[in-house]
Trainee: 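Here it is, the structure in full.
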Amino acid sequence: MVSNSGSSDRGVIVVTGASSGLGRATALHLAEKGFTVIAGVRSATVATELQHLSDRLIPVQLDVTSDDDVAAARDTIAEAVGPGGLLGLVNNAGICVSAPLECVSAADLRNQLNVNVIGAMAVTSALLPLLRAGTKRNGVAGRIVNVSSGIGKIAPPFLGAYAATQFAKEGLSDSLRRELAGTGVDW
């Protein structure tokens, strides 16, 4: 079980899309700051790589578009954190389909929506009980961060599919923030 107490451990945070880019940088930064980071990755090779970068990084197989992966990750995370729960969730996993909308296939649009919107909501729903448990035990509000983009407010040409997902993520975030008000989970 991961320790949720003590001066050297500031709590447990899950970061999705931690294989590369912003997700990886976020996971490493949080680990450097004393948090235990459960890093959601899709590749066993990347998981091994991350394990060697910090003893505070715990890679877990997590394709946010797979219901089975989300359920398995939830169970693994719940077992790892025990009754201490989670301090935070960073929904970072995402992709960008860049093309004129008339050239974006229905399959590509579905995939874009599945990763950036439905995946983020599936992980959030699965981990909310653990965030609430962390709040009750630690007295500190659990926090959810949905990584979005300025393109969630303006839709430029050739990024329409991506913009649609960012607008959707902004809408979900705003609704969840209001729905979770008073539950001990901050947004």
Side-chain angles (χ1 to χ4, degrees), residues 2 4 9-19 21-31 33-42 56-67 69-95 112-153 162 164-187:
V2 175
N4 282 328
D9 191 355
R10 299 178 63 188
V12 182
I13 299 174
V14 174
V15 179
T16 67
S19 296
L22 185 59
R24 184 182 186 124
T26 300
L28 288 169
H29 177 75
L30 290 169
K33 294 296 181 183
F35 296 96
T36 298
V37 179
I38 298 176
V41 299
R42 292 183 302 150
R56 291 192 175 278
L57 287 176
I58 303 168
V60 64
Q61 178 75 29
L62 180 55
D63 175 347
V64 300
T65 66
S66 165
D67 292 340
D69 268 16
V70 171
R74 178 202 57 226
D75 294 345
T76 299
I77 293 164
E79 185 177 321
V81 300
L86 285 174
L87 182 63
L89 166 62
V90 179
N91 279 312
N92 170 72
I95 60 170
Q112 177 84 82
L113 288 162
N114 279 336
V115 173
N116 293 9
V117 181
I118 298 166
M121 195 59 233
V123 172
T124 298
S125 294
L127 298 182
L128 265 171
L130 298 175
L131 287 160
R132 287 189 183 108
T135 298
K136 288 178 186 170
R137 180 163 175 108
N138 302 317
V140 177
R143 182 168 302 267
I144 300 169
V145 175
N146 278 341
V147 176
S148 185
S149 165
I151 294 178
K153 304 212 181 288
Y162 179 70
T165 66
Q166 298 310 295
F167 273 81
K169 193 182 286 183
E170 292 291 331
L172 286 174
S173 296
D174 199 32
S175 291
L176 275 170
R177 176 181 56 82
R178 292 164 198 231
E179 290 174 10
L180 295 173
T183 67
V185 178
D186 282 345
W187 206 261

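We count residues from 1, following the sequence as given. Nothing here was measured: the structure is a model prediction, and the numbers come from that model.
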Trainee: Identify the heavy atoms of Val117 and Ala168 that sit nearest to each other, and give their distance.
Mentor: CG2-CB, 3.8 Å
Trainee: Do any side-chain atoms of residues 83-91 form donor-acceptor pairs under 3.5 angstrom with protein atoms, and if so which ones, sequence neighbours left out?
Mentor:
{"unit_1": "Asn91", "atom_1": "ND2", "unit_2": "Thr124", "atom_2": "OG1", "d": "2.8"}
{"unit_1": "Asn91", "atom_1": "ND2", "unit_2": "Asn146", "atom_2": "OD1", "d": "2.8"}

Trainee: Going by heavy atoms in the side chains, are Met121 and Leu176 under 4.5 Å from each other?
Mentor: yes
Trainee: Lys153: what forms a salt bridge (Lys or Arg N to Asp or Glu O under 4.0 Å) with it, not counting sequence neighbours?
Mentor: Glu170
Trainee: Provide the closest heavy-atom pair for Phe35 versus Ile13 in the form atom of the first, atom of the second, distance.
Mentor: CD2-CD1, 3.6 Å
Trainee: Asp186: what forms a salt bridge (Lys or Arg N to Asp or Glu O under 4.0 Å) with it, not counting sequence neighbours?
Mentor: Arg143
Trainee: Would you say that Thr76 contacts Ile38 through its side chain, given a criterion of any heavy-atom pair below 4.5 Å between the two side chains?
Mentor: no
Trainee: Of all heavy-atom pairs between Val70 and Asp63, which one has the smallest distance, and what is that distance?
Mentor: CG2-O, 4.2 Å
Trainee: Test your reading of the model: is there a side-chain donor-acceptor pair from Thr165 to the backbone of Tyr162, 3.5 Å cut-off?
Mentor: yes
Trainee: Is it the case that the side chain of Thr36 and the backbone of Arg56 share a donor-acceptor pair, with hydrogens and angles ignored and the cut-off at 3.5 Å?
Mentor: no
Trainee: Spell out, as yes or no, whether a donor-acceptor pair under 3.5 Å connects the side chain of Arg132 to the backbone of Thr183.
Mentor: no
Trainee: When you measure from the side chain of Asn116 to the backbone of Ile95, do you find a donor-acceptor pair of N or O atoms at a distance under 3.5 Å?
Mentor: yes
Trainee: Compare all side-chain heavy atoms of Val60 with those of Val14 and state whether any distance is below 4.5 angstrom.
Mentor: no
Trainee: Do Leu130 and Val12 have side-chain heavy atoms sitting under 4.5 Å apart?
Mentor: no
Trainee: Between Ala73 and Leu62, what is the shortest heavy-atom contact and its length?
Mentor: CB-CD1, 3.8 Å
Trainee: Using atom types as modelled and distance alone, determine if a side-chain donor or acceptor of Arg24 lies under 3.5 Å from a backbone N or O of Ser19.
Mentor: yes
Trainee: Looking at CG of Asn114 and OG1 of Thr65, how far apart are the two atoms once the value is rounded to the nearest 0.5 Å?
Mentor: 6.5 Å
Trainee: If you take all heavy atoms of Gln166 and Val147, which pair is closest and at what distance?
Mentor: OE1-O, 4.2 Å
Trainee: Please name the pair of heavy atoms, one in Ala93 and one in Thr16, separated by the smallest distance, quoted to 0.1 Å.
Mentor: N-OG1, 3.0 Å
